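Here is the structure we will look at, set down as structure tokens.
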Amino acid sequence: MRSMGLTLLLTFTTLMLLKTHGFTDETDRQALLEFKSQVSKDKRVVLSSWNHSFPLCNWKGVTCSRKNKRVSHLELGRLHLGGVISPSIGNLSFLVSLDLYENFFSGTIPQEVGKLFRLEYLDMGINFLRGPIPIGLYNCSRLLNLRLDSNHLGGGVPSELGSLKKLVQLNLYGNNMRGKIPASLGNLTSLQQLALSHNNLDGEIPSDVAKLTQIWSLQLVANKFSGAFPPAIYNLSSVKLLGIGYNHFSGRLRPDFGILLPNLLSFNMGGNYFTGSIPTTLSNISTLERLGMNENNLTGSIPIFGNVPNLQLLLLHTNSLGSDSSRDFEFLSSLTNCTQLETLGIGQNRLGGDLPISIANLSAKLTTLDLGGTLISGSIPHDIGNLINLQKLILDQNMLIGPLPTSLGKLLNLRYLSLFSNRLSGEIPTFIGNFTMLETLDLSNNSFEGIVPATLGNCSHLLELWIGDNKLNGTIPLEIMKIQSLLHLDMSRNSLFGSLPQDIGLLQNLGTLSVGNNKLSGKLPQTLGNCLTMENLYLQGNSFYGDIPDLKGLVGVKEVDLSNNNLSGSIPEYLANFSKLEYLNLSFNNFEGKGISTKAMPCASTTSGEEAFLSFKESCDWS
Ligand SMILES: *[C@@H]1O[C@H](CO)[C@@H](O)[C@H](O)[C@H]1NC(C)=O
Ligand SMILES: *[C@@H]1O[C@H](CO)[C@@H](O)[C@H](O)[C@H]1NC(C)=O
Ligand SMILES: *[C@@H]1O[C@H](CO)[C@@H](O)[C@H](O)[C@H]1NC(C)=O
Ligand SMILES: *[C@@H]1O[C@H](CO)[C@@H](O)[C@H](O)[C@H]1NC(C)=O
Ligand SMILES: *[C@@H]1O[C@H](CO)[C@@H](O)[C@H](O)[C@H]1NC(C)=O
Ligand SMILES: *[C@@H]1O[C@H](CO)[C@@H](O)[C@H](O)[C@H]1NC(C)=O
Ligand SMILES: *[C@@H]1O[C@H](CO)[C@@H](O)[C@H](O)[C@H]1NC(C)=O
Ligand SMILES: *[C@@H]1O[C@H](CO)[C@@H](O)[C@H](O)[C@H]1NC(C)=O
Ligand SMILES: *[C@@H]1O[C@H](CO)[C@@H](O)[C@H](O)[C@H]1NC(C)=O
Ligand SMILES: *[C@@H]1O[C@H](CO)[C@@H](O)[C@H](O)[C@H]1NC(C)=O
Ligand SMILES: *[C@@H]1O[C@H](CO)[C@@H](O)[C@H](O)[C@H]1NC(C)=O
Ligand SMILES: *[C@@H]1O[C@H](CO)[C@@H](O)[C@H](O)[C@H]1NC(C)=O
């Protein structure tokens, strides 16, 4: 009875309070209609249920408290609403949850949000909001989740944020916040997730962060933070997701790193200035799934990861790991224990020796293998084709020798195959045509010989084909002209003969055609003029003869080299009108008549000879 009486008394008092302040569900209705009036006209139709003839508590996105029929939840996420957020929102005084996630709201966050003292959940993420975080917001002392990510909010991270003591999640990812992290954030001792990535924050991480003992996700990626690896973070043993990549951190990691942070699932410190060796204790973190230490200045050897069974992603590329010795790849066989491994990036290091054959025993789930730009010698292991889910295989800029192994033909999911600048030899295998998903093929600067296989025509998604700087002969296969997607075709510096195929004009997306320094001959096909997107045309150093075909349509062309052929006739005058032309070389041909003057380059000569080429780069003096 007593408690009933108390409840009645309280309710009565509340009603009296409401009466005196004049706040009722009518206030909510007015506030929401005002809110609607600030939503851009074209999207207001989404809120058509917000009208006088329809009950407030049934309006789209509106939930009322059962007790007093006041609006408690406003959920308008992902409705693509534009316009500004009306200050009237501050009159929804019973609001507990406000979700405007993923809309097109612009303008500022109204101060009046600070009147919503019952608010626990506020999400204005993914909008176009500007200005600072309003000071009023710090009155919302019951807030648990504050998400303002992916906007254009500026100013500093206000120290008043530290007064929102109940916060469990604070997400300011992807804004334009400047300055340092205030020490007061250490007061948010309930915080479990803190995201400050992709802002312009700087300075060191305050030691108070060590007080955030509940935190499991700490994201500081892509700012300008500096100093050593933040000592405070070593105290956060509960952290599972840690991102400090793409900042200005430097110095060495503590050797007991993995003992202090034993619960990490994901750790990204790529793109900093860290030095020293990779702590071997990282491999004591048996929960680790993603590790990014790429783009630093790490030295020493790569640890054994055999006891990290769930490792999915290991990025160590672009460091100074290894010592150009045959022991550098000893870690690799331990990675065969990591049966979930999908991405392995260890290129751009100082790893030497042969590629161990155990590479073929890595997880069949592997989709990316990057070993480019190291010091690997020997041949490509025979059974590399076991890695049947590979989409990206990068072995470029090494010292690999020998032919491509037959098993490679099993990699039917390949999209990116880069083997340039090695000493690979033998023929380009016909199984290249198996790679029907291939988008980039780079075999340039090797010792491949024989013909260009016609099966390449099956690679119908190819965007870039690089086979220059080899010892290829035979003719340019007509099948290549069927690859309509091609943007870049480079076959230069081989010994290809025959003519440029008539069907070259089918390559409607071609931006670069490079067949210079081969043994090609014949007339240039008229259809060349159909490649309207052409920017770079390199045909030099062959035996093409006859007139320059009608290239009037190639108005976007930037570089043209026709030098060292037997071309004749007059130099087309329209070349002078190509406003993007930066380089034109017509020397060592048999052109006649007038030279021309182009915008980027004063003069082009009809004279054959090196002097003339030099002269048109400089001035028209010779004419
Ligand atoms: C009010 O909203 C209801 C529910 O969406 C709708 O059926 C009705 O047509 C609306 N009335 C007006 C006048 O827009
Ligand atoms: C909030 O409600 C009061 C009382 O109904 C009203 O006077 C005021 O204009 C409202 N504020 C806004 C911003 O709509
Ligand atoms: C926030 O609280 C302070 C102090 O209680 C008060 O003066 C101020 O008006 C409040 N701001 C808003 C927007 O409610
Ligand atoms: C909040 O943090 C600051 C800086 O660490 C500190 O000076 C202040 O006393 C803290 N306030 C409370 C109420 O804990
Ligand atoms: C961090 O941990 C170290 C060693 O365990 C301890 O001495 C230090 O007081 C801790 N710092 C904070 C701020 O808790
Ligand atoms: C870390 O792992 C190594 C190698 O597996 C092991 O010898 C060592 O005892 C581990 N250390 C701790 C603290 O678990
Ligand atoms: C990386 O380390 C090497 C050797 O320790 C040093 O020569 C080089 O300057 C460093 N590079 C950067 C970018 O710090
Ligand atoms: C691979 O896993 C097995 C079984 O978990 C373990 O005994 C072995 O030590 C691991 N290998 C390496 C190199 O860590
Ligand atoms: C690869 O795995 C197979 C089958 O598990 C095994 O027989 C072979 O010895 C392994 N090869 C290497 C190089 O580890
Ligand atoms: C070609 O590859 C060799 C290594 O095989 C390298 O030394 C050379 O710089 C490369 N040339 C070009 C033009 O990339
Ligand atoms: C790959 O191509 C070769 C020759 O073109 C063919 O014999 C082979 O069956 C193909 N392999 C697969 C797995 O499709
Ligand atoms: C093409 O190159 C291959 C391998 O170097 C050679 O055997 C063949 O005779 C060459 N063919 C022609 C027509 O030059």
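Start at 1 and go down the list; that is how both ligands and their atoms are numbered. Since the structure is predicted, the reported quantities are computational estimates derived from the model, not experimental observations.
Judged purely by distance below 3.5 Å, without hydrogens or angles, the side chains of T367 and N389 never pair a donor atom with an acceptor atom. Residues Q30 and E26 bring a donor and an acceptor atom of their side chains to less than 3.5 Å of each other.
With D149 as the fixed residue, the side chain to side chain contact (heavy atoms under 4.5 Å, CB included) test singles out one of L196, L170, I126: I126.
The aromatic rings of F229 and Y234 sit tilted, their planes meeting at an angle between 30° and 60°. Relative orientation of the F249 and F274 rings is parallel, given thresholds of 30° and 60° on the angle between their planes.
Contacts between I259 and ligand 6, counted as non-hydrogen atom pairs separated by less than 4.0 Å, involve the side chain only.
For the pair N319 (side chain) and N349 (backbone), a donor-acceptor distance under 3.5 Å is absent.
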Atom pairs and distances, ligand 1 N/O vs protein N/O under 3.5 Å:
| residue | atom | partner | partner atom | Å |
| --- | --- | --- | --- | --- |
| ligand 1 | 2 (O) | N51 | ND2 | 2.5 |
| ligand 1 | 11 (N) | N51 | ND2 | 2.8 |
| ligand 1 | 14 (O) | N51 | ND2 | 3.3 |

